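Every heavy atom of this structure was used, including side-chain atoms; hydrogens, water molecules and symmetry mates were not. Remember, it's a predicted structure, so these values are computed and weren't measured experimentally.
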Amino acid sequence: MKKLLLSLCLLALSSTALAYNDVDLAAVQAGQDCIHGDLSGADLSHLDLSGRDFTGTSFREARLFQTRLDEANLVGANFAHAQLNEASLRKAQLQDADFSFATANNANLAFADVSGANFYRIQMRAANLLHANLQGLRAQEASLDSIKADYADFSQANLPYSWLYNASLKHAYFTGTNFYKANLQRADLTEAHLEKAKMGKVNLRHAKLNNAYLDGADINHADLRYADLTYTQFGTAIKKGALFDK
């Protein structure tokens with residue numbers, strides 16, 4: 001009997017642990033800001049929350065399918081395990097936000113400030129990150145296949161073991177970025193800035209690196225076979241063990 005009661009208590013705790021705050025949800029539905037609120041597990045799909053202030057608010061495990069958060073203040077917000085497929089966060093302030101284990105396929109973060117955010121194991125395929133500020137991003141093991149991030153700034157970002165297959169990264173900045181063992185196969189890095197990037201054991205097969213800047217980059221044991229290296233500027237790049245076409 002005691003074991004049964006304990007199991008029921010644990011079940012109750014687990015089912016309510018991520019329950020949103022009713023007052024916070026009501027305020028959002030009434031068109032108000034929600035600073036340091038709790039919207040964990042709430043269904044906010046299809047709502048237009050553009051321009052609101054959600055500083056420090058928890059959206060953990062929330063549903064935000066096709067939600068509009070354009071130009072919203074989401075600094076320090078928690079989106080861990082949230083569903084943001086096709087959500088729009090254009091020009092949003094997302095500094096230091098937590099998107100770990102979130103799903104944000106086809107989301108729009110163009111011109112957003114995502115500096116210092118946590119993208120650990122995020123699924124963000126085919127998302128729009130054009131001109132976004134992603135300096136200092138933490139995106140270990142992230143799935144970023146087919147993203148559009150031309151002119152974005154990933155300087156000093158941490159992207160080891162991440163997937164950027166077929167990503168569009170033209171003119172993007174990756175100064176000092178860590179790509180260790182990342183998959184950049186078929187990525188378009190035309191005129192990208194990769195100075196001092198850490199690209200050891202990176203898969204760059206069939207990638208486009210024409211007119212890219214790799215001065216001081218570490219591409220030890222990287223695979224560049226079949227890559228387009230037309231006018232690529234390697235400068236002082238470290239190429240020990242890197243694989244090129246014969």
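Contact record, Asp145 with Leu164: OD1-N, 3.7 Å, taken as the closest heavy-atom pair. For the residue pair Leu129 and Ile147, the shortest heavy atom distance occurs at CD1-CD1, 3.9 Å. Across all non-hydrogen atoms, the minimal contact from Arg52 to Gln32 is NH1-O, 3.0 Å. In terms of heavy-atom proximity, Asp70 sits nearest to Leu89 at OD1-N, 3.6 Å. Considering all non-hydrogen atoms of both residues, Thr236 and Gly216 come closest at OG1-N, 3.2 Å. The minimum heavy-atom distance between Leu64 and Ala82, with the atom names listed, is CD1-CB, 4.2 Å.
A cation-pi geometry, defined here as NZ or CZ lying under 6.0 Å from the six-membered ring centre and within 45° of its normal, holds between Lys239 and Phe234.
The stretch residues 110-122 participates, sequence neighbours left out, in these side chain to side chain donor-acceptor pair (under 3.5 Å) pairs: Gln95-Asp113, Asp98-Asn118, Asp113-Ser115, Asp113-Asn133, Arg121-Glu141.
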>> For Arg63 and Gln83: C-alpha separation, side-chain torsions, deciding distance, then whether side-chain hydrogen bond (donor to acceptor under 3.5 Å, both in side chains) applies.
In response: CA-CA 5 Å; Arg63 286 179 52 82; Gln83 299 178 41; 3.2 Å; yes
>> Quick one, Gln123 with Arg125, criterion side-chain hydrogen bond (donor to acceptor under 3.5 Å, both in side chains). Give me CA distance, side-chain angles, the key distance, then yes/no.
In response: CA-CA 6 Å; Gln123 290 189 29; Arg125 299 182 181 93; 3.2 Å; yes
> Run the salt bridge (Lys or Arg N to Asp or Glu O under 4.0 Å) check on Asp218 and Lys198 step by step: do they pass?
Replying inline: CA-CA 5 Å; Asp218 181 352; Lys198 302 172 182 67; over 6 Å; no
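Between His46 and Phe65, the distance separating the two ring centers is shorter than 6.0 angstrom.
Atom CG of Asn128 is separated from atom CG of Asn106 by 10.0 Å, given to the nearest 0.5 angstrom.
In this pair, Tyr213 and His193 present their aromatic rings parallel. The plane angle is below 30°, not in the 30 to 60° band. Ring geometry, Phe79 versus Phe59: the interplanar angle falls under 30°, so the pair is classed parallel (tilted spans 30 to 60°). Relative orientation of the His131 and Tyr151 rings is parallel, given thresholds of 30° and 60° on the angle between their planes.
A salt bridge links Asp150 with Lys170: at least one charged nitrogen is closer than 4.0 Å to a carboxylate oxygen.
For the residue pair Gln135 / Gln156, no side-chain donor-acceptor distance below 3.5 Å is found, with atom types taken as modelled. Looking only at atom types and distance, the side chain of Asn158 has a donor-acceptor partner in the side chain of Asn178 under 3.5 Å away.
Asp223 pairs in a salt bridge (charged side-chain N to carboxylate O under 4.0 Å, His left out) with only one of the listed residues (Lys201, Arg205, Lys181), which is Arg205.
Using modelled atom types, no side-chain atom of Ser100 and backbone atom of Ala80 make a donor-acceptor pair closer than 3.5 Å. Judged by distance alone, with hydrogens and angles left aside, the side-chain atoms of Asn73 form a donor-acceptor pair with the main-chain N or O of Val75 at under 3.5 Å.
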